2 protein chains.
Amino acid sequence: MSPRAGLDKQTLVLAAAELADELGMEGVTLAQLAARLGVRSPSLYNHVNGLKELRTLLAVFGLEQLYAVMSASLVGVSGEAAVHAISRAYVTFAQQHPGLYDTTLQAPEQGNAELEEAGARTLQLIISVLSGYELGRTGELHAVRGLRSILHGFAALRNKGGFGMPLDLEDSLTRLIDSYIAGIGCMRTGD
Amino acid sequence: MSPRAGLDKQTLVLAAAELADELGMEGVTLAQLAARLGVRSPSLYNHVNGLKELRTLLAVFGLEQLYAVMSASLVGVSGEAAVHAISRAYVTFAQQHPGLYDTTLQAPEQGNAELEEAGARTLQLIISVLSGYELGRTGELHAVRGLRSILHGFAALRNKGGFGMPLDLEDSLTRLIDSYIAGIGCMRTGD
DNA sequence: TAATATAAACTAATAGTATTAGTTTTTCAA
DNA sequence: TTGAAAAACTAATACTATTAGTTTATATTA
């Protein structure tokens, strides 16, 4: 009567990611996920420790995907073009995977090793893009904070419909990155 | 047996805002709110149409508060100082009212008149701060999008603990706004 | 190959959430 | 003072997560 659905952690996370992008982050429930996988919800506990762990796994998965597209965007480009490329990759990912993108920030379980590792890798990638500007050790960190703020803010506002005006969004992002690069000297420190 | 708790919409929203800041947005439940107000949860339906409407009211309330502190930050300042002032006001509000701030963006009911009105007023305020830069009609809109992205991104990442590094946050924000101003010419259009 | 152990499914039950329907009771106004 | 409206209530339904305990399929091992 129960011919083994053959589930595992990976399958759950992939299905949950679909759910997130289709229904939004709040649509990721164990009940929904179980229904989609053709199983009763308590069965999911054989593979995952509950909703909280599922959300953490989803966050790690999302960060890995995000890292992948950002990293891929950098092949063969450098300097200003690299800043633009990684920015477009970030925002495009957030647009194409709105639910999954949301989970990457609503980190429910802090202190999680994999989560912090995935975050740290992304950080390093952004640092590498900015290394050409000779910003200094702490200046580099200010600059990374700045770029992350810009990218998350733009992505989130666009995804939530925060930009009401009928004005080209690509153009807005390009200009915002251009202005960031133009003013990047303000980040420079002497260390 | 039920001596009239004397509730009204205003009271509910104020209590819900406290709840939001204490427990986070997901802690704003009708059950929690009813308990805090000393009433059974169905009683809340006499004043509010359900959780969705409560969230919308909370969003409007939050936007009004945000507008108030941004507006207050501008008295007696102009030019670059005004950009810094409104930015600090925005980010400080988000820090002091993390739950309420979150509700202002998770707009559940789009097409809501009050919500759009509150958003539009905030938009106008930011535009007024940037009007001295002669950016052109659409340039101004690009610039507003940019500043909003920066402010929301910075506020959200800080509130969610996204900035792990032990590096002064005030300094990061100041530099980010300085760099925004330094590069604002990239927003300029000829209209 | 057959027996057994493990793991993955299940059912049943509990507790929390929103919401609706219908009832009581307070309060205000005619 | 009587009556109507509003604000509380209880009861019930339908979701959600989660735990406990049971069955059964699969894999391992004798």
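Per chain, numbering begins at 1; letters A, B, ... match sequence-line order. If you're wondering where the values come from, they're calculated on a predicted model, not measured in any experiment.
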- Minimum side-chain heavy-atom gap A:Val69-A:Thr92 below 4.5 Å: no
- How about B:Tyr90 and B:Tyr101: are their ring centres within less than 6.0 Å of each other? yes
Could you state the atom-to-atom distance from [atom1] of [X] to [atom2] of [N] in whole Å?
X	N	atom1	atom2	result
B:Arg55	C:dT19	CZ	P	9 Å
B:Glu26	C:dA18	CD	C1'	17 Å
A:Leu7	C:dA9	CG	C1'	9 Å
A:Lys9	C:dA8	NZ	C1'	15 Å

- Message: Measuring to OP1 and OP2 of C:dT11, would you say a side-chain N or O of A:Arg40 lies under 4.0 angstrom away?
- Response: yes
- Can you check whether A:Tyr45 has a side-chain N or O nearer than 4.0 Å to OP1 or OP2 of D:dT19? no
- Message: What's B:Ser43 touching, base or sugar-phosphate or nothing? Going by heavy atoms closer than 4.0 Å.
- Response: base
Per [X] side chain, nearest of listed nucleotides [options]:
X	options	value
B:Ser41	D:dA8, C:dT19, D:dA17	C:dT19
B:His47	C:dA9, C:dT19, D:dA8	D:dA8
A:Pro42	D:dA17, D:dA8, D:dA20	D:dA20
A:Ala31	D:dT18, D:dA17, C:dT19	D:dA17

- If you take atom types as modelled and just measure distance, does the side chain of B:Asn46 reach the base of D:dA6 with a donor-acceptor pair under 3.5 Å? no
- Message: When you measure only distances, ignoring hydrogens and angles, does the side chain of A:Arg4 come within 3.5 Å of the base of C:dA9 through a donor and an acceptor?
- Response: no
- Task: For A:Gln32 and for A:Asn49, find the nucleotide of DNA chain D with the closest heavy atom, then tell me which residue's nucleotide is more 5'.
- Result: A:Gln32
- Query: Just by distance, with hydrogens left out, do A:Thr56 and A:Asn112 show a side-chain donor and acceptor under 3.5 Å apart?
  - Reply: no
- In B:Thr104, B:Thr103, B:Asn159, B:Asp21, the residue satisfying side chain to side chain donor-acceptor pair (under 3.5 Å) with B:His97 is B:Asp21
